[in-house]
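We use all heavy atoms of the structure for the numbers below, so side chains are in, but hydrogens, waters and symmetry mates are not. Residue numbering restarts at 1 for every chain, and letters A, B, ... go by the order of the sequence lines.
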Amino acid sequence: MITTKSVGKKRRRTLEAGIVIGLILFLLFIAPLLLTDFRLGLLGRFLALAIVALGVDLIWGYTGLLSLGQGIFFALGGYAFAMHLQLNLAGDGIPEFFGLYGVSELPWFWQPFYSLPVTLIAIVVLPGIVAGLLGYLVFRNRIRGVYFSILTQAMLVVFFNFFNGQQKLINGTNGLTTDTTLLFGQQVGSDRMQFVFYVATVIVLALTYGLCRWLTRGRFGRLLIAIRDDENRLRFSGYNPAMFKVLVFAVAGGIAGAAGALYTVQSSGITPQYMSVAFSIEMVIWVAVGGRATLGGAVLGALVVNWAQALLSEQFPEVWLFFQGALFLLVVTVLPKGIVGWFRDDAVRQIRDLLGIQPQLNTYPDLELDPDVKREQRELAGK
Amino acid sequence: MTRINRRKFLVYGSTAVGTSILLKACGGTSDTTGGTTAPAEGEATTASAGGGGDTIKVGILHSLSGTMAISETTVVDAEELAIKEINAAGGVLGKQIEIVKEDGASDWDTFAEKAEKLIDQDQVSVVFGCWTSASRKKVLPVFEAKDHMLWYPVQYEGQECSKNIFYTGAAPNQQIEPAVDWLLENKGKDFFLVGSDYVFPRTANNIIKEQLKAKGGTTVGEDYLPLGNTEVTPIITKIKAALPDGGVIFNSLNGDSNVAFFKQLKGAGMGPDKYPVMSVSIAEEEVRTIGPDFLKGHYAAWNYFQTVESPENEKWVSDFKAEYGDDRVTNDPMEAAYIMVYLWSQAVEKAGSTDIAAVREAAYGQTFDAPGGTVTMNPNHHISKIVRIGEIREDGLFDIVSATDGPVTPIPWNQFVEDTKGYACDWSDPAKGGKYKEA
Amino acid sequence: MLDGLINGIFNGISIGAVLLIVALGLAIVFGLMGVINLAHGELMMLGAYTTYVVQNGFKSFGDGAQDFYILAALPLSFLVAALVGLALERSVIRLLYGRPLETLLATWGVSLILQQFVRSVSWAMTFGLLVVCLLLFGGRAALSKLANLGPRQKLANFVVLVLSAGIGVTLGRSLNGNDALAKPWFSARNVDVTAPSWLQDSISVTDTLSFPAARLFIIALTIICLVGTFWFLNKSAWGLRIRAVTQNRDMSACLGIPTKRVDALTFALGSGLAGIAGCAVTLLGSVGPNLGSNYIVDAFMVVVVGGVGKLVGSIVAALIIGIVSYILGSGTLVLMLPSSEAIQPLIDTATFFATTSMAKVLVFALIIAFLQVKPAGLFPQKGRSVEV
């Protein structure tokens, strides 16, 4: 029994690695040839969003923490990168927008972003630290479930209003544009650099996938799932769930930061809008659509939802919100396990059910599976 | 160009992994798609790039959903009316104009995304669009990077002069500055500045503060309301504290918050006799939704009011009502949107093609007998137009209490702000460009 | 000085009253049922649009009637929002009890649909929807009556769904060709709700002290709603059942309380209160499709700070949040501090936060800080459960 299981596990792992590598190769070599510049740019941005979806899946799908504030960390990563690019452009002076508000001296917190290595580290570490800190405050008090969700939303509002209101520090509503800035002497908005960022996004996505797979496998992964399923029992077993939650929340924050930086440079800049309430909820929706607690589902969901959104809003600019709203409703009520979960668990049975084909079973290992019992239940429910 | 880079990348990448087959297989495809006429995959695009085919494609990029839909859908109506009229009169260069409409969804990112889509995918000849400064700032790099053309119909804070944007709304010296001058002359020297918390009010108030300093007025206070916020009690308290005996309120709140502001201003017993409010974002459309009861006696500064008396305006208003219903009103941004479609079509006629550079050249000096008076496109991409101050009447329209004698020349770089003093913009002269020091 | 103080307290209370009336329905739905209803704001919006329709109806009666439309609009807003809430509960929420995080996502979808609905609703669309509903439910009923399909029932239902949706959409689209039918009722633009003239002005007490009538009206309305809700929950038979189900669903069901009907009723009540709140806020602000989204986060804050499941908590929380945000936002704090060198940094900080935007930041930050001290809110529900 054990041996067959481990062999199966190994085989599944090789299969997964194979699929992932295949997809990477496809995205790097085939996709650029199939898609127009515009569509490829879109794909790059959606892949960046898929990275943040992986983070959301890590904390929600596996650990059961529904954060409605991932936008904070996403935007922090984006701001970090955009600040560096702005400073690059300004050279010895200060970024142009400061002049409009009568600021002549660079605010102190801009200083570290002169250096590229510091920026690159800050993109991941800064949101991670902020997430860890916020997480510590929240989890220490055993705030969880919906309270955690609402609290993260409140934090999002705090950050949004702060960034939005501070023209003199970070250019307020306008945010920081990146398209005309320079990186390695190249214009960020140029097609060439955009392609570089596309490649970088694919690589970071693959790395993040690997990181999440590594985290969710084995002991740590089982602990996360235990926190999701029954935190009290875990605590009674002598673990301190708070520290695990802080850790995983910080990791998800760092992932969101990396995603935010990649997204920012591919969409010509960052504004406080990245911290709008709706955007953070959408991140959760992607994971729900794809299937939570499946890493592939998170990526798939982010791509499918965003692609559908882009196409639908092109075709039906006036009514596409209907489709979006209906999609959420449908996923939650009809496909609670998401696309991947549905395929894995229910697809065959449900289609057979829909067509009215009786499952071919000779014995019924479980009373629940007995078609007679089932019919009786249905009839009772009907009354 | 990208194709080449990508192919290069492909070459290196493929040799590295030793898959030369892949290279051969794809070499052919990349060559054929390398041209300029690559329509979208799977899109039902009938006409090809911009000027080719039987129609000329133009993009309309406004928010059809979200917070800004309230305002932006009205300018879409005006743009569509102008295009319909031009088409009925035979189109441009003998071709009909075809509209590609995109929804910016009040989300600045979506604006950038859709701008790219209109340019790359639909290959439109021009884009009419945007309302908020934030959305314009977000699409600006897209238009500059692709050297394309955006026409922007809304009054804004200035301090910008892009080669790729034509601004048909008012520059600050065509709306804000005359309004402040008029207030100083007629209403008082103490100003309280109220605005929504985004770039236009903040920059506009910066300009006003400098202007007041230069002309002997005082700013007694300022406050900003987050977009969409309707709780204005604290601001009203502040105004009362700062101006106990009355004074001028300069208001650059956007649509939604205005409603709350005026309703509660009246509720607090602060009427236009003691606290006249000068608004720069309230036009006929907004007056209707706020309710004229609350606004009667307050002021607004614009280039156009529905009550302008001219044959052009009478015709336009009646055409508009015939198209969209008798209960509709016209306003300044709609007029600017209407103007810009005509100016663009005239420029295309003059240039003889839809080529971006040629149209840009041809646009300078174009004039149009607009409903609000004759306008002229300047080499600084802004238009000269008349400035008017209106007082709100009971029926929701404006009594024009002051108007300039002739069109005012636009000044995009503000002369009251230290950083931009002495700068100007002239795109007709390659040596000067977007921001040069005037001699 | 005294006037200033009274004014300050009054203004704080009036901000609190708006928060409270908005949060009241949420406190019931979230507090008693554990359902996170992100569409609460959109139910408010429906109440506000009802007010708009009622106002236009009264306009046709002439000027005298115009002054009293609000009295008719209040119950109607309650009714409309409650009915929509009921439909929502029966169709979606019912499936999701015990899964609060999923209700959050589903109601977010609902809120998007409702927002777009008021933007694009027209006669053509209404007809189309009616046809879909008629065909769908009629077809299903007919199928189950006429033919015994056995296991193929589901497939048949699915086919009926697809067919009726197809017919309805086609019909709606073809009707769209007719301009009169295709014209949106409200469109995306804001609509104009003008308060009755007796609510537009202020009531002067002394020369320097005056209260806006609309504010007084909202405070009174909030008190009435509170008293009504208290009475309903504590004195009426259904209120007793609601409380019983809240405390122990299974035991209540065993004792013969129809828990499903209780759920539906509770949700409808909460939604109806949202409708009243929507009607009330038309006196203050604009009426547009986004009306609700401006209030929803604040309302959740009130409920969480007050302690879930306790109406008293929500009352106290709303008042505190109202007064604090008024004091911060209006700069009163800066004026109250004595100007001396020693506390200059403090004054600078207070000034920094004395704008409306920054006051909001500070208030929310204070709320988060407060929840550090009392994670379960001001009035936590006591129990021996290990769950917090």
**Complete:** Hits for salt bridge (charged side-chain N to carboxylate O under 4.0 Å, His left out) against B:Lys84, two or more places apart or cross-chain, chain-then-number order -> B:Glu323

**Message:** Once rounded to the nearest 0.5 Å, what's the spacing between atom CG of B:Asp223 and atom CE of C:Met358?
**Reply:** 11.5 Å

**Request:** Output the distance between atom OG1 (B:Thr233) and atom CG (C:Asn11), rounded to the nearest 0.5 Å.
**Result:** 5.5 Å

**Asked** Above 12 or not: heavy atoms from other molecules or residues under 6.0 Å from CZ of C:Phe117?
**Response** no

**Prompt:** For chain B, which of C:Tyr295, C:Phe211, C:Tyr326 has the most heavy-atom pairs under 4.5 Å?
**Reply:** C:Tyr326

**Item:** Student check: side-chain heavy atoms of B:Lys263 and C:Leu283 closer than 4.5 Å
**Value:** no

**Request:** Not counting sequence neighbours, which residues clear ring pair (Phe, Tyr, Trp, His ring centres under 6.0 Å) with B:Trp131? List them please.
**Result:** none

**Item:** Interface moiety of B:Phe262 toward chain C, non-hydrogen atoms closer than 4.5 Å
**Value:** neither

